[in-house]
Each structure stands twice: as C-alpha cells, then as structure tokens.
K.L.:
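What follows is a structure written as structure tokens; I'll ask about it next.
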Number of protein chains: 2
Amino acid sequence: MTGSSPDRAGRATRRKRRPSGAVTIKEIAALSQVSSATVTRALQGHPRVRPETRARVERAAEALGYRPNHAARTLATGASKTIGLLLPSTGDRYWGEVVEGIEDAADDAGYSVLLATSHGDAARSRRMLDLLLSKRVDGMVIAARREVEEALTHAELPVALVRVGPDAELDDGDVEAVRTLPDDRLAGWLEGRRLGDLAPGVIGFDDVSAATLAVEHLVGLGHRRLAFVGAGNRRSAALRVAGFRQSTGRAGVESAAVVASSDRLADSHAAALDLLGAPERPTGIVAYDDMVALGAIRAARTLGLRVPEQVSVVGIDDIDVAAFLEPPLTTVRQPKREIGRLAAIALFEALGSGTPSPGRALRGELIVRGSTAPPPGHDAADEAR
Amino acid sequence: MTGSSPDRAGRATRRKRRPSGAVTIKEIAALSQVSSATVTRALQGHPRVRPETRARVERAAEALGYRPNHAARTLATGASKTIGLLLPSTGDRYWGEVVEGIEDAADDAGYSVLLATSHGDAARSRRMLDLLLSKRVDGMVIAARREVEEALTHAELPVALVRVGPDAELDDGDVEAVRTLPDDRLAGWLEGRRLGDLAPGVIGFDDVSAATLAVEHLVGLGHRRLAFVGAGNRRSAALRVAGFRQSTGRAGVESAAVVASSDRLADSHAAALDLLGAPERPTGIVAYDDMVALGAIRAARTLGLRVPEQVSVVGIDDIDVAAFLEPPLTTVRQPKREIGRLAAIALFEALGSGTPSPGRALRGELIVRGSTAPPPGHDAADEAR
DNA sequence: TTGTAAGCGTTATCAC
DNA sequence: GTGATAACGCTTACAA
C-alpha cells in the first residue's frame with residue numbers, strides 16, 4: 001500500500017468539527033497527566049481515587065476554569081437535573097410567588113427550572129409540554145387548569161409530574177351540587193367527597209377551610225347575618241362557597257346568602273351593591289378573594305356605609321397591597337410560596353421513589369386587619385363569649 | 001485464532017448502555033428505510049431531500065411519536081436554543097411582568113427560558129451565572145443590579161448578554177450630582193451625560209421622562225407648588241429626581257421641593273406628613289413610585305386633606321391595583337412587558353450579529369385617573385391656557 | 001439525493 | 001486506583 005493512499009489524504013484534509021472552545025475534561029486530563037475517566041471520577045467525588053490524584057485534577061480544573069457541559073452530561077446519564085414549569089402566565093402575582101417557591105426548592109435540590117407558559121390555551125399547552133419533554137426535563141410542575149388537563153389526557157407523559165394551583169380537583173357536577181344541595185346535607189356530602197384531600201400529585205390551597213376561617217372570625221366578632229360574594233364557576237369558588245355554607249350552618253347564623261359575581265371589580269361592586277342595598281342587609285361579607293373584597297368595600301362606600309363600623313369585609317388571598325388599602329384588609333392568606341415549595345419537593349420525592357406523592361391542600365392563615373369589627377349594636381361584653 | 005477468544009467473549013458480554021427508552025432518529029431511519037442522516041435532513045426541512053422521502057420520514061416520525069433530544073442536539077451543534085434569565089426574584093410584580101415579555105419574545109424566536117434568581121446576593125449570582133453557563137445557554141438576560149454587576153466584572157462571560165431593569169447606568173457620583181447641582185446647571189448636565197441613552201446591551205425605563213410627564217401633567221392642571229417624594233439612593237430615584245427638577249425648572253413653578261424617603265409605605269407616609277404639614281405646602285406631589293404615592297395619599301388623609309381636591313398625587317409604575325384604589329391613582333405606567341420583550345429581542349439580535357445591541361430607555365405613559373385635579377382656587381378658565 | 005462515519009463532552013463498563 | 005473505550009442521540013463534512 002502506498003503512503004499517499006487517497007484514504008490517508010482524505011483523513012488528513014477532513015476538517016474536524018469546530019469545538020465549542022470551552023474547556024473539557026480532556027484538557028484537564030492532559031494537564032493533570034491522567035485519563036479523562038479519572039478526571040470524571042475525581043471531580044465527582046468517586047471514592048476510589050487517590051487523594052493526591054484528586055487534588056491534582058481539581059487544581060487543573062480550577063486553573064483552566066472548567067465548567068462541565070450539562071448537555072453532554074444529560075446525554076450520557078439520561079438526567080438533565082432540570083424541571084419544567086408550565087403555567088398560565090408568570091406576570092400575575094399569584095404565579096410569580098408560586099414560582100419563587102418552586103425555584104427555591106429546586107435550587108436546594110440541585111435542579112434548574114425551565115419556564116413555559118400556556119396562556120390558558122390547550123394547543124399551546126401541548127406544544128409546551130412537547131418542548132419541555134424535548135429538552136429532557138426530569139419532571140414537571142404544571143398548573144392544574146382545564147386546558148392543560150385536556151392536553152395531558154392525550155399525552156401520557158413519560159416523566160414525573162406534580163400539579164399545582166388553586167383550581168384543582170372538583171369537577172363540574174360537584175360545582176353544581178355545592179350550590180344546590182340543601183344546607184343540612186351539604187356537610188355530609190363534603191365529608192363524603194373528602195374535598196380536603198387532593199388527588200395524588202396535586203398540591204393546592206384548602207379553599208373550604210379558608211372560607212371557614214373567615215366565617216368563624218366574623219361569627220366570633222358577633223355577626224349573625226353573613227353573605228358570600230363572588231361565586232363564579234371556578235372550582236375554587238365552589239369550594240369556598242361550600243366552606244361558607246357549611247360553617248355558617250354549623251354556627252347557626254341567622255342568614256347566609258351567596259351572591260354570584262365574577263372576580264372582576266365592576267361585577268363584584270354591582271353584586272355587593274344589590275346585597276347591601278336590601279333592607280335586611282348582612283353585617284359581614286366573605287369575599288371570594290381580595291379583589292372582590294375591594295369591590296364590596298367600594299359598594300359599601302357608595303351606599304354611605306362605613307367599613308368596618310357598619311359592614312365588615314374579609315377577603316381571601318392577601319395580595320401585597322392588602323395591608324395598604326383603606327381600610328387595611330382583613331383576609332385569609334394563601335401560602336403561595338409554600339405551595340410552590342411543596343410542589344417542587346413532592347416532585348423530587350416522586351422522582352426518587354417513582355411513585356406519585358400524595359396530594360396536599362394547604363390551609364390559609366387569617367390575617368386580621370382593619371376591615372372587620374363587631375357588627376353595629378354589638379357591645380364588647382358579648383365578644384368575650 | 002480461536003472463535004472463543006477472550007476478546008470476543010468480552011465484547012459479547014459487555015453490557016451496552018441503557019438507552020433512554022425514547023424514540024431516536026435511528027428507529028425512524030429503520031422504519032422509513034433511509035439513513036439517520038437523511039432523517040435529520042428530512043426533519044429539518046433541508047432542501048435537497050426528495051419530497052417522497054421526506055414524507056415517508058415524517059410519517060414514520062409521527063407514527064413513532066418522535067421527540068428530538070435537545071441535549072444531543074445541543075452537544076452536536078453547540079447551540080441550546082435556550083436563554084438564561086438571572087433576576088433578583090420572580091415573586092414581585094415588577095419582574096413577573098418583565099419575565100412574561102421575555103418569555104413571549106423568546107417563544108416567538110424558538111428559544112426556551114431557563115430561570116435563576118440571585119436574591120440580591122453577589123455570591124449566589126456568580127453561582128447562578130456559572131450554572132447557566134454550564135447548561136450552555138446561548139445568551140442571557142440579567143437584571144442589572146449592583147451585586148450582579150460585581151459578579152460580572154469578575155466573569156467575562158462567553159455568551160451574549162442583555163441587561164435589563166430599572167436600576168441601570170448611573171453611578172454613585174452621578175446620584176450625588178443630581179441632588180446637589182444647582183437648578184440652572186442641572187439641565188445642561190443631564191444633556192451632557194445623555195442619561196436618556198443607555199449603554200449598549202441595556203434595556204431600561206426612561207426615569208427622567210417619566211418624572212417629566214408627571215410634572216407636566218400637574219403643571220397643565222394649574223399647579224405651581226410641587227414636590228417630589230421618595231428620593232432613595234437608587235439610580236432610578238436619582239434619575240426621577242433629575243427629571244423632576246429639570247422639568248419644574250423649565251416650567252418655572254414657584255416651588256419644587258425634593259423630600260427623601262425609602263419606597264416603604266411607612267417612610268413615605270412620614271415624609272409626606274412633614275411636607276404637607278408645612279404652612280407653604282405643595283398642591284401637587286410626584287411620587288417615586290405607586291407605593292410612595294399610596295403613602296402620600298394616606299398622609300394627606302391623616303392631615304384631613306382631601307385627594308385630589310386639596311392635594312394631587314401622581315405615582316410612577318401603575319401597579320395592578322392602581323385603578324382600584326381610593327381615589328384611583330393617576331400614574332406614569334412603566335411598560336414592563338415591553339421592556340422584557342425588547343430585552344429578549346435585543347439579545348437575539350446580538351446572538352445573530354455578534355455585536356451588542358444599542359441600549360434603549362423606554363418611555364412611560366401617563367395614565368390619568370382620580371388622584372389629580374386642578375389645585376384649590378384654580379378656576380376652569382385657567383386650565384385652557 | 002443519499003449514505004458513511006466522525007465528532008460534540010460526558011459517563012460508565014470492563015480490564016488490568 | 002487507573003486507563004481504554006463504547007455509548008448517549010444528533011449533526012454534518014465528505015464521498016458516492
């Protein structure tokens with residue numbers, strides 16, 4: 001065979017791939033006089049590496065400014081150490097705080113977070129789900145909303161998954177039942193449905209107990225005529241209504257009305273206007289959330305009613321300006337960060353064990369501020385009962 | 001040589017790597033009777049592929065439920081189609097909206113977003129920067145804050161980078177100058193510094209013009225005694241003060257005071273209390289941001305002054321409850337989503353061209369609501385001047 | 001137009 | 001305790 005065979009020539013001219021320019025373990029290997037396998041072992045804290053070898057390798061890595069290439073690692077190990085996050089949006093305060101909790105827990109566990117938003121659209125959800133899967137996330141946290149659930153049923157995702165959010169786990173039939181069931185049967189029905197327990201892999205807010213907390217606060221102050229404003233057709237609204245009806249029934253309040261309205265300010269303002277304009281108006285209002293509470297307060301003001309002296313209002317959520325409103329809003333705080341944290345932790349557990357973690361509904365916390373007080377004509381002595 | 005040589009036996013028993021289980025181009029290649037190279041070409045819309053081959057490959061991919069492995073692609077191409085995002089936090093409203101804009105633009109351009117938070121800590125910033133680099137992001141958008149800037153100076157990042165945020169591009173010396181420079185020299189100084197133009201690769205908010213917009217609105221309503229509340233030591237605060245002083249000077253208002261306070265409600269409340277308690281109190285207040293405006297409104301109320309009848313207040317930012325406050329807040333809206341969008345777009349341009357994009361300061365928009373009105377004793381005729 | 005095979009940077013198996 | 005080297009799944013230069 002001739003030295004100048006076409007084969008040899010071809011090899012020689014063949015332009016090798018442009019390297020990324022970044023430092024690789026090969027260079028560390030060369031500098032520290034070991035094989036690349038040893039470099040990996042040394043850098044990963046493998047037990048069977050001679051201490052001085054490890055030291056030499058670490059020094060070389062440091063000197064060269066080595067940064068492991070995660071893409072290569074992912075390819076080799078099959079794990080990306082990244083989780084995906086699919087949310088309706090990140091702009092609104094609710095999700096922003098949840099994300100913070102997730103990011104926090106992920107960081108503690110050595111994971112990164114890849115973001116995707118559905119914008120409430122099923123097709124987009126599906127596309128994003130595919131994208132996250134393509135990027136080989138090890139698991140995902142998704143906001144449990146109808147359009148995403150739909151996308152999920154067609155998917156059968158090959159990764160661990162935790163659902164999170166306020167609107168989880170109550171189907172439409174139940175929503176209807178909550179509204180129409182007679183008072184005396186509601187409590188039993190709620191128990192039977194075990195609404196406090198969420199399905200496996202779902203982390204959410206305990207809507208029922210949140211409303212209960214609000215009612216108990218008002219009843220404790222002496223209120224006997226209560227109303228719930230803001231019963232939209234969301235699952236969370238139905239659950240809060242259920243909690244409201246259940247606890248008012250238990251406390252034997254004289255009158256407990258439920259007034260529908262969306263969570264938009266104008267709607268809740270109008271609804272509260274009707275409610276407070278009636279002759280037998282309630283002295284205490286439990287609002288679906290803080291925005292609805294704002295509408296109710298405004299309605300009271302429109303009617304010349306003072307809050308909290310003549311009407312008490314309690315919200316649910318604790319938005320960040322709640323404390324700065326006039327009056328500062330009494331509300332049931334939703335632990336958003338904590339929900340995020342627990343969702344991420346549940347995901348990592350599932351990742352480890354291979355089985356979905358049990359669902360959890362986190363209880364809110366009553367924050368008493370200035371929008372609630374004893375009802376008119378109620379003297380302090382009664383309060384101590 | 002014997003058929004049962006140790007070498008052969010070794011090869012035979014050698015357990016190959018566990019495959020990820022996902023569908024690969026090889027399987028598509030097998031099913032569609034072409035080589036894997038052709039599969040790649042077909043799937044990527046490479047021009048020189050026979051249409052029927054392409055169709056066959058696409059059908060096979062579809063049938064098998066193929067999802068490209070981005071880790072492998074990243075390794076092969078050197079581009080991850082992912083950008084990193086380093087922010088102080090995602091929980092607060094400001095960043096949440098910026099993220100939304102970034103995510104949006106990234107999605108349009110075919111990029112994903114990897115999230116990291118600095119929590120305002122330089123060491124953590126550095127760690128996160130390294131992590132993002134390790135994950136081989138193609139570029140990054142980072143919040144331009146002091147601790148991150150510090151981390152950056154020691155880094156010399158090998159990727160394209162855009163900085164975004166309200167606190168950019170004014171150093172401490174300038175902050176001092178803005179406060180102390182006599183009125184008549186301020187305008188010239190501002191021009192000379194070209195504060196409206198941000199450094200290359202920085203997308204921000206035009207703080208100077210925001211304050212100007214607020215002042216001009218108040219002056220247009222007939223106000224002649226103005227004050228700025230909330231001059232903290234942030235760069236954005238200094239720029240807003242500069243804008244305030246510059247425009248009040250230009251308009252020849254009788255008195256233009258600047259009162260320092262943090263952006264916390266209690267502080268701004270106290271500061272405004274002093275200001276409005278004085279005999280020669282201003283009739284119009286420009287607040288550093290909406291929270292400070294809230295504090296000012298509360299202070300006015302504390303003193304029995306009605307807003308807007310006796311005192312007008314204009315904020316900067318337009319937080320989401322601004323419209324629902326009592327009174328609804330007049331403010332200069334900060335285009336957060338847009339800032340995010342432009343930052344991402346600037347990054348992609350830089351990615352394409354290799355050169356940093358020019359900086360941009362986005363102007364706010366005045367939103368007139370209920371917290372501003374002509375000053376007391378000002379009749380409607382004057383307004384038409 | 002299509003096939004072959006090298007190469008991206010890492011991990012992990014086997015042999016010594 | 002260390003070294004060779006196959007493999008992860010994909011892209012791409014070159015040959016055909």
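Below, chain A is the first sequence line, B the second, and so on; all start at residue 1. The analysis underlying the following values was restricted to heavy atoms, covering all of them including side chains, and did not include hydrogens, waters or symmetry mates.
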K.L.:
Round to the nearest Å and state the distance from A:Leu75 atom CG to D:dC10 atom P.
P.N.:
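So the CG-P distance, A:Leu75 to D:dC10, works out to 9 Å.
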
K.L.:
For B:Arg136, does its backbone N or O pair with a side-chain atom of B:Ser80 as donor and acceptor, under 3.5 Å?
P.N.:
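Pair found, side chain donor or acceptor close to backbone of B:Arg136.
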
K.L.:
What does the inter-axis angle of the helix from C:dT1-D:dA16 to C:dC16-D:dG1 come out as, five pairs per end, nearest 10 degrees?
P.N.:
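End-to-end axis angle for the helix from C:dT1-D:dA16 to C:dC16-D:dG1: 40°, rounded to 10°.
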
K.L.:
For the pair made of CZ in B:Arg73 and P in C:dT10, what is the distance, rounded to whole Å?
P.N.:
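The answer, rounded to whole Å, is 21 Å.
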
K.L.:
Checking A:Asp107 now: which residues fulfil salt bridge (Lys or Arg N to Asp or Glu O under 4.0 Å) with it, not counting sequence neighbours?
P.N.:
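Counting only residues at least two positions away or on another chain, A:Asp107 forms a salt bridge (Lys or Arg N to Asp or Glu O under 4.0 Å) with B:Arg124, B:Arg127.
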
K.L.:
Pull out every residue in residues 26-38 of chain A that has a heavy atom closer than 4.0 Å to any atom of DNA chain C, ordered by number, or say none.
P.N.:
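Result for residues 26-38 of chain A: A:Ala37, sorted by number.
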
K.L.:
Does any N or O in the side chain of A:Arg41 come within less than 3.5 Å of the main-chain N or O of A:His46, such that one atom is a donor and the other an acceptor?
P.N.:
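Absent.
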
K.L.:
For the pair A:Ser125 (side chain) and A:Ala123 (backbone), establish whether a donor and an acceptor sit closer than 3.5 Å, ignoring hydrogens and angles.
P.N.:
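Absent.
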
K.L.:
Could you tell me whether a side-chain N or O of A:Asp138 sits under 3.5 Å from a main-chain N or O of A:Lys81, the two making a donor and an acceptor?
P.N.:
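Confirmed, A:Asp138 side chain pairs with A:Lys81 backbone.
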
K.L.:
Applying side-chain contact (heavy atoms from CB on, under 4.5 Å), can you list everything that pairs with A:Ala160, at least two apart in sequence or on another chain?
P.N.:
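Result, side-chain contact (heavy atoms from CB on, under 4.5 Å) vs A:Ala160: A:Leu347, A:Ala350, A:Leu351.
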
K.L.:
Sub-3.5 Å donor-acceptor pair from the side chain of B:Thr38 to the main-chain atoms of B:Val34, do we have one?
P.N.:
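Checked: no pair found.
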
K.L.:
Looking at B:Arg341 and B:Asp108, is there a salt bridge between them, counting it only when a charged N and a carboxylate O are closer than 4.0 Å?
P.N.:
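Looking at B:Arg341 together with B:Asp108, the answer is yes, because their closest N to O distance falls below 4.0 Å.
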
K.L.:
Rounded to the nearest angstrom, tell me the gap between atom NZ in A:Lys81 and atom P in C:dT10.
P.N.:
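Distance check: A:Lys81 NZ to C:dT10 P gives 17 Å.
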
K.L.:
I need the CD1-P distance between B:Ile25 and D:dT11, as an integer number of Å.
P.N.:
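Checked: the CD1 to P distance equals 6 Å.
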
K.L.:
Quick one, A:Thr117 with B:Glu103, criterion side-chain hydrogen bond (donor to acceptor under 3.5 Å, both in side chains). Give me CA distance, side-chain angles, the key distance, then yes/no.
P.N.:
CA-CA 8 Å; A:Thr117 55; B:Glu103 220 271 339; 2.8 Å; yes

K.L.:
For A:Arg337, what residues pass the salt bridge (Lys or Arg N to Asp or Glu O under 4.0 Å) criterion, not counting sequence neighbours?
P.N.:
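So A:Arg337 forms a salt bridge (Lys or Arg N to Asp or Glu O under 4.0 Å) with A:Glu100, A:Asp104.
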
K.L.:
Check DNA chain C against residues 40-56 of chain A and give the residues with a non-hydrogen atom under 4.0 Å, in numerical order.
P.N.:
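Listed by number, they are A:Thr40, A:Arg41, A:Gln44.
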
K.L.:
Round to the nearest Å and state the distance from A:Asn69 atom CG to D:dC10 atom C1'.
P.N.:
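Spelled out: CG on A:Asn69 to C1' on D:dC10 is 14 Å.
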
K.L.:
Pair A:Ser112, B:Lys135 - check side-chain hydrogen bond (donor to acceptor under 3.5 Å, both in side chains), show working.
P.N.:
CA-CA 9 Å; A:Ser112 304; B:Lys135 300 248 166 163; 3.1 Å; yes

